[in-house]
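First comes the structure, then the notes that go with it.
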Amino acid sequence: MENFNVAGLASGFDWNSMVDQLMAIERIPQQRLEAEKDENDDKVDALKKLKTKLEKLQTSTSDLKSSSLYHTKSSEVSNEDTNITATASTNASKGNFEIEVTQLATATRRLGAADVVTQMGDENTLISALRVATDVTEGTFSVNGQEVTIAETDSLQDVFDAISIATSGVVTASYDGVSDTITLDSASGQLELGAESDTSNFLSAMKLHQLEVGDGGGGTATVSSRGALGVVDIADTIANSGIGGPITGSDTFYINGVAIDFDADTESMSALMARVNDSAAGVTMSFDSASDQFRIINNETGAYAMNVTDSGSGLLSAIGLTGSADVGDDLTYTIDGGAPKSSRSNKISEDSHGLTGVVITAAEVGKQTVTINSDSEELKEKINSFISAFNDVQDYIQEKTKIEVEDDEVTAAILAGNRELNSLDSKLRSFAFAQVDELTSGEIFRLEHLGIDFISGTSKLEIKDSAALDEALDSDLDTLEQFFSSGDENFAGRLDTFLEDFLKSDGVMDTISSSYTERNSDIDEQIEDMERRLEFKRSTLESSFIAMEEAQSKTQNQAAALAGLQLR
């Protein structure tokens, strides 16, 4: 059973407060340990941030070791308005050349017959089932200012009847299955089609654009569809798409020797075209609804054949793709006025033109002079990135290790006094200032020879002489490669090795961080031991005071009893 609080019940003395005060004094060493632990956590966090900055410096240092930086080439053209361009890889030779393109490469193609579907339907076909390029929508349209209302469930004849009724028989409509067109005739000589209030697209879907009104004779006026209306319904099954034949059942055709299977009763032309395009035939099959025409085009340009073998059901023949192909052209060109050359593609590789590391792309015929030069812009960016990362590390080290004295007050940063970090600043400075021994016979063997030096009074770098750096970048990339990149004993190699030793697992950074982490583990154990002793001490004090209260209470009770006896 727990003791209830009897502080001062008999004695009148608030010993609970005294116990709290005594325990607060006893906890002072524990609080110091907690403060030390918090400080160690802050140090670990600061070291993590420093490690991130050092890793960024290592990355920027490693970047300078990339050989491609010192061999990058750029290409310039003499006429930006001529669509003939070139790109150069690192192994391209500096210089210029003139290319004249006399013919572009084109792809072999097969164009099917236009107006594949001979009829969009007939007078009894529902307007929602007409095989036309644009589905007819229900709503209203105007003829001679009269509103005609149609629904998707109406047949084509129902629409014709509605036009006649709306115009009191003045305008009549008819469908010609041979020409696959609709004609509107007006007995009054007036024929005005459409209004801004129209909600149905019937007139435009039927190509009844009133660009002109024909004289039908005897005071009549006429407007006809401006082209055949029927188109293949590529979303319906092939058998029901409107393709002549009709084409039914399962069959196979071949394009460029690749077999294409289909089932006309279950598969749509849209699905079939998708399979053709995904096949190994190397072609793109498409459908132009405006001209009701199928097309197959080789994916690669050049004078390649496109062989097709029709199916037994004659699907390719029905859509007009079994005739002769329009064979593509190779690109033809000359380099520096030399012998004519050709390329299957409009992107000309070195295998064709013989210029190592150069790829030419032509989008039009014409002449272009291309100049190939060394390109040091990326190297310059990498040097600037290195300087920025180097300075960021130095700033952070200075911020976290500095000690300031103002009057009699000394303020130390979180990592002040850490020997390894105090020396890191000077080690990095030494690496940045050091010479590359194998280059000492030349003019560039220190950063300062590139116009890069320390900012006065600091450990930070800056480009003090941009002209010197630009000159080296423009004319001495080989030396820069030796300075930064060639071997482990050159600038980037030495610094990278040092940073790797500093940053690797169980390296200097991990060792420093581990020392604080291990110290915090020791502190946790000390705090736990203290807490057990403090709890025991509090319990002992409380037990003693409770015993005192109980004894004093008994004494008071005895005294009261004796006082009662004397009164009798």
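All figures in this text were calculated on a predicted structure; none of them were measured in a lab.
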Do [Y] and [X] meet the salt-bridge criterion of a basic N to acidic O distance under 4.0 Å?
{"X": "R519", "Y": "E36", "answer": "yes"}
{"X": "D392", "Y": "K56", "answer": "no"}
{"X": "K43", "Y": "E39", "answer": "yes"}

[X] and [Y]: side chain donor to acceptor below 3.5 Å:
{"X": "T85", "Y": "T361", "result": "no"}
{"X": "S66", "Y": "S68", "result": "yes"}
{"X": "E300", "Y": "S345", "result": "no"}
{"X": "S74", "Y": "N373", "result": "no"}

Below 3.5 Å, can you tabulate the donor-acceptor pairs from side chains in residues 278-289 to any protein atom, sequence neighbours excluded?
residue, atom, partner, partner atom, Å
S279, OG, V276, O, 2.7
S279, OG, A281, N, 3.2
T284, OG1, N299, OD1, 2.7
D288, OD1, A290, N, 3.0
D288, OD2, S291, OG, 3.1
D288, OD2, R295, NH2, 3.2

### Query
Where do T82 and K367 land on the side chain to side chain contact (heavy atoms under 4.5 Å, CB included) test, with the steps shown first?
CA-CA 8 Å; T82 299; K367 287 184 180 181; over 6 Å; no

Donor-acceptor contact below 3.5 Å, side chain [X] vs main chain [Y]:
{"X": "S459", "Y": "R429", "result": "no"}
{"X": "Q103", "Y": "V365", "result": "no"}
{"X": "S352", "Y": "S349", "result": "no"}
{"X": "H353", "Y": "I99", "result": "no"}
{"X": "T458", "Y": "F454", "result": "no"}
{"X": "S485", "Y": "K65", "result": "yes"}
{"X": "S515", "Y": "I512", "result": "yes"}
{"X": "D326", "Y": "T108", "result": "no"}
{"X": "S539", "Y": "E535", "result": "no"}
{"X": "T334", "Y": "P340", "result": "no"}

Within this structure, what is the [atom1]-[atom2] distance for the pair [X] and [Y], rounded to the nearest 0.5 Å?
{"X": "L495", "Y": "T61", "atom1": "CG", "atom2": "OG1", "answer": "4.0 Å"}
{"X": "N418", "Y": "L415", "atom1": "CG", "atom2": "CG", "answer": "6.5 Å"}
{"X": "K53", "Y": "N391", "atom1": "NZ", "atom2": "CG", "answer": "11.5 Å"}
{"X": "F483", "Y": "R446", "atom1": "CZ", "atom2": "CZ", "answer": "9.5 Å"}
{"X": "S514", "Y": "M509", "atom1": "OG", "atom2": "CE", "answer": "11.0 Å"}
{"X": "Q58", "Y": "F502", "atom1": "CD", "atom2": "CZ", "answer": "12.0 Å"}

### Query
Between F445 and H449, what is the ring plane arrangement, given parallel below 30°, perpendicular above 60°, and tilted in between?
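F445 vs H449 ring planes: perpendicular.
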
### Query
Taking the six-membered ring for Trp, are Y70 and F484 parallel (under 30°), tilted (30 to 60°) or perpendicular (over 60°)?
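The rings of Y70 and F484 lie parallel, inter-plane angle below 30°.
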
### Task
Kindly indicate, with the supporting measurements, whether the criterion side chain to side chain contact (heavy atoms under 4.5 Å, CB included) is fulfilled by D510 and K51.
CA-CA 9 Å; D510 281 358; K51 186 175 183 180; 3.2 Å; yes

Can you tell me if [X] has over 12 outside heavy atoms packed within less than 6.0 Å of its [atom1]?
{"X": "Q435", "atom1": "CD", "result": "yes"}
{"X": "Q31", "atom1": "CD", "result": "yes"}
{"X": "R109", "atom1": "CZ", "result": "no"}
{"X": "Y254", "atom1": "OH", "result": "no"}
{"X": "K73", "atom1": "NZ", "result": "yes"}
{"X": "K464", "atom1": "NZ", "result": "yes"}

### Query
Should L104 and T301 be marked as a side chain to side chain contact (heavy atoms under 4.5 Å, CB included) after you check the CA-CA gap, both sets of side-chain angles, and the distance that decides it?
CA-CA 9 Å; L104 292 176; T301 57; over 6 Å; no

### Task
Start with the C-alpha gap between M273 and I234, add the side-chain angles, then the distance that decides, and say whether side chain to side chain contact (heavy atoms under 4.5 Å, CB included) holds.
CA-CA 9 Å; M273 288 191 294; I234 62 172; 4.2 Å; yes

Which pairs would a plain distance check flag for residues 522-530, meaning a side-chain donor or acceptor within less than 3.5 Å of a matching protein atom at least two apart in sequence or in another chain?
residue, atom, partner, partner atom, Å
D524, OD1, K37, NZ, 2.6
D529, OD1, R532, NH2, 2.1

### Query
If you draw the axis of the six-membered ring of F262, does the NZ or CZ of R275 fall within 45° of it and under 6.0 Å from the ring centre?
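No; the conditions do not both hold, so R275 does not lie above the ring face of F262.
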
### Message
Using side-chain heavy atoms (C-beta onward) and a distance below 4.5 Å, is I397 in contact with V393?
### Response
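Touching, per the 4.5 Å side-chain cut-off.
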
